[in-house]
2 protein chains.
Amino acid sequence: MAVRNRLLSAATELFSRKGYSATTTREIVAASEVTKPVLYYYFRNKEGIYLELIRGAYAKFDALLDTSRSEKGSASERLLRLSDQIFSLFMKNIEMARLMYSIYYGPHQGAPFFDFDTYHLKFQDTIRQLVNEGKQQGEFHKGNADDMMWAILGAVNVAMEVQLCHPELGMERKRLAQILKLILRGISTQKTRQEEKRK
Amino acid sequence: MAVRNRLLSAATELFSRKGYSATTTREIVAASEVTKPVLYYYFRNKEGIYLELIRGAYAKFDALLDTSRSEKGSASERLLRLSDQIFSLFMKNIEMARLMYSIYYGPHQGAPFFDFDTYHLKFQDTIRQLVNEGKQQGEFHKGNADDMMWAILGAVNVAMEVQLCHPELGMERKRLAQILKLILRGISTQKTRQEEKRK
DNA sequence: GTCTATATTGAGATAGAC
DNA sequence: GTCTATCTCAATATAGAC
C-alpha cells in the first residue's frame, strides 16, 4: 500500500481509538512504518491529516443523501431504505464514525474546526421531507412532522450507538428496520390509544 | 467557594469543552486561581480529579434509577416520568454529560477507565422492565420488548443529543414527552397499518 | 494548605543530507 | 520521497520553603 494511504489508515485507527488530542504524530508514523517528516511531507501537519480524513468520510455521506432524493416508493419504504443505507455506511466506516461522533457531540479535543452541522442538518431535512410526503399521501398522521422526524432519527442514532459500544448485542440492519416499523406502527394497543384520546 | 470545589468546577468546564486529553492541569489550576501543587494535594493527579468528577455524576444517575423502581402508575406514565427525570438530570449537568457522552461513545481520549457500562445497562433494564409491565397489563402490544425499549431510548438519546449540539432548536422536556407519546401511539394512519398487515 | 522553582518527559515540527 | 538528528516548547509532576 502506498505510504500516503498507510498514513491515512493508521491515523483513522488511532484517532478513533484514542481521540484526536491523545494521538501523537509519532504513533501515526510508527504504525505506518515511516518517519516523521513523511507525515509533514504529505500533509501540512497533524490538523491536515485529520481534515483529509473527515472530509473524505463526509463526502460519502453527502452523496448518499443526494441520491436518496430521487428514489421511488411510499414514504415508509423510502424512510426504511434511507435509514438502512445510512446505517450500512456507518458500519462500513465505524472507526471514522466513532471519531466524528465524539467530536460532534462531545468536546472538540483540540481538533481543528470542521462543519459537521451542514451535513447533520441536511440529514434531518431529508427525513423531514420524507415525513411530509407521507403526511400528504395520507400514509402518516397529520401530527407534528418534527416529532416524527426525531423519533425516526432517534432509532437510527440508537442503533449506531449500540454498535459503537455493544457490537455483541447484535444490533444489525434487520433490528433497526424492526424498530423503525414499530415506531411507524406504535407501541400501545388500540384500546390504550382510545383511552388516551378520551382524556 | 472552597479551593477543592473550585478545582472540580473548573475541571468539569474544561474537560467538557476541550476533552480530557486536550485539557492541561495548568489550565485547571489557572481557572481555579491556585497553583499546581494544590491540585496534586487534593487529588492524586490528573486522573484522580477526573474520576472524582465522573463518580459524583453517575451516583446521581444511579440514585434516580433506584427510586424509579418503586413508582406508581401505568407503564406509559412511568416511562414518561422516568424519561423526563433522566432528561432533566442531563440538562442540569450538561457539561458533565457532554464529557461522559464523548468518552462512552467515542475514543477514550487517554482518560482512565471508568465502568460506564454498568449504569447504561441498568438504564436499559429499567426501561425494558417497564415495557414488560405494560405488555402484561395489556397496555402495550405483545411485540418484541427490546425493540420497544430501543425506540424509547432512542427518543431520550436524540433529545439529549439535540441539546448538546443545537440548544437553540428548543428540545425541551415537553418536546421529548411529545415524541415519546408519538412513539407509543405510532406514526402511520390506521389505514396504512391495515394495508401493511395484509402483506 | 499554598507557594516558587524546577525536574523530566514527550509533544509537534523542521533542517539538511541522501 | 525518505531519512537522521535536533530544536523548541509545553506537559505532568514534585521538592522543599513558608
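Letters A, B, ... are given to chains in the order of the sequence lines, protein chains preceding strands, and every chain is numbered from 1.
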Which of residues 12-20 of chain A sit near DNA chain D, with a heavy atom under 4.0 Å from it? none
Salt bridge (charged side-chain N to carboxylate O under 4.0 Å, His left out) pairs touching residues 82-105 of chain B, sequence neighbours excluded, are B:D84-B:R173
Give A:T23 one of three labels, base, sugar-phosphate or nothing, depending on what nucleic acid heavy atoms sit under 4.0 Å from its own. sugar-phosphate
Result for 5'-nearest mapping on DNA chain C, choosing between A:S21 and B:R26, is B:R26
Quick check on contacts: within residues 106-113 of chain B, what sits under 4.0 Å from DNA chain D by heavy-atom distance? none
B:S76 vs B:E139 side-chain heavy atoms within contact, under 4.5 Å: yes
What pairs with B:N144 under side-chain hydrogen bond (donor to acceptor under 3.5 Å, both in side chains), at least two apart in sequence or on another chain? none
Would you grab the first and last nucleotide of DNA chain C (5' to 3') that comes under 4.0 Å of any non-hydrogen atom in chain B? C:dG1 to C:dT4
Go through the structure and list residues passing side-chain hydrogen bond (donor to acceptor under 3.5 Å, both in side chains) with B:T23, not counting sequence neighbours. none
Residues two or more places apart in sequence or in another chain: which of them pass side-chain hydrogen bond (donor to acceptor under 3.5 Å, both in side chains) with B:K135? none
Checking salt bridge (charged side-chain N to carboxylate O under 4.0 Å, His left out) for the pair A:E33/A:R6: CA distance, chi angles, key distance, verdict? CA-CA 9 Å; A:E33 291 179 309; A:R6 286 218 308 275; 5.1 Å; no
For DNA chain C, the residues among residues 33-40 of chain A that have a non-hydrogen atom under 4.0 Å from it: A:K36, A:P37, A:Y40
Tell me, which pairs form a ring pair (Phe, Tyr, Trp, His ring centres under 6.0 Å) where one or both residues lie in residues 9-28 of chain A, sequence neighbours left out? A:F15-A:Y20, A:Y20-A:Y50
Centroid-centroid distance, B:F123 to B:Y119, less than 6.0 Å: no
Could you list the donor-acceptor pairs under 3.5 angstrom formed between side-chain atoms of residues 164-171 of chain A and any protein atom two or more places apart in sequence or on another chain?
residue: A:H166; atom: ND1; partner: A:E168; partner atom: OE2; Å: 3.0
residue: A:H166; atom: NE2; partner: B:Y104; partner atom: OH; Å: 3.1
residue: A:H166; atom: NE2; partner: B:D117; partner atom: OD1; Å: 2.8

Inter- and intrachain pairs under ring pair (Phe, Tyr, Trp, His ring centres under 6.0 Å), touching residues 24-45 of chain B, at least two apart: none
Taking the ring of B:F61 and the ring of B:F90, is the distance between their centroids below 6.0 Å? no
Taking only residues two or more places apart in sequence or in another chain, which ones pass side-chain hydrogen bond (donor to acceptor under 3.5 Å, both in side chains) with A:S83? none
Picking from A:K122, A:R69, A:R55, what satisfies salt bridge (Lys or Arg N to Asp or Glu O under 4.0 Å) with A:D62? A:K122
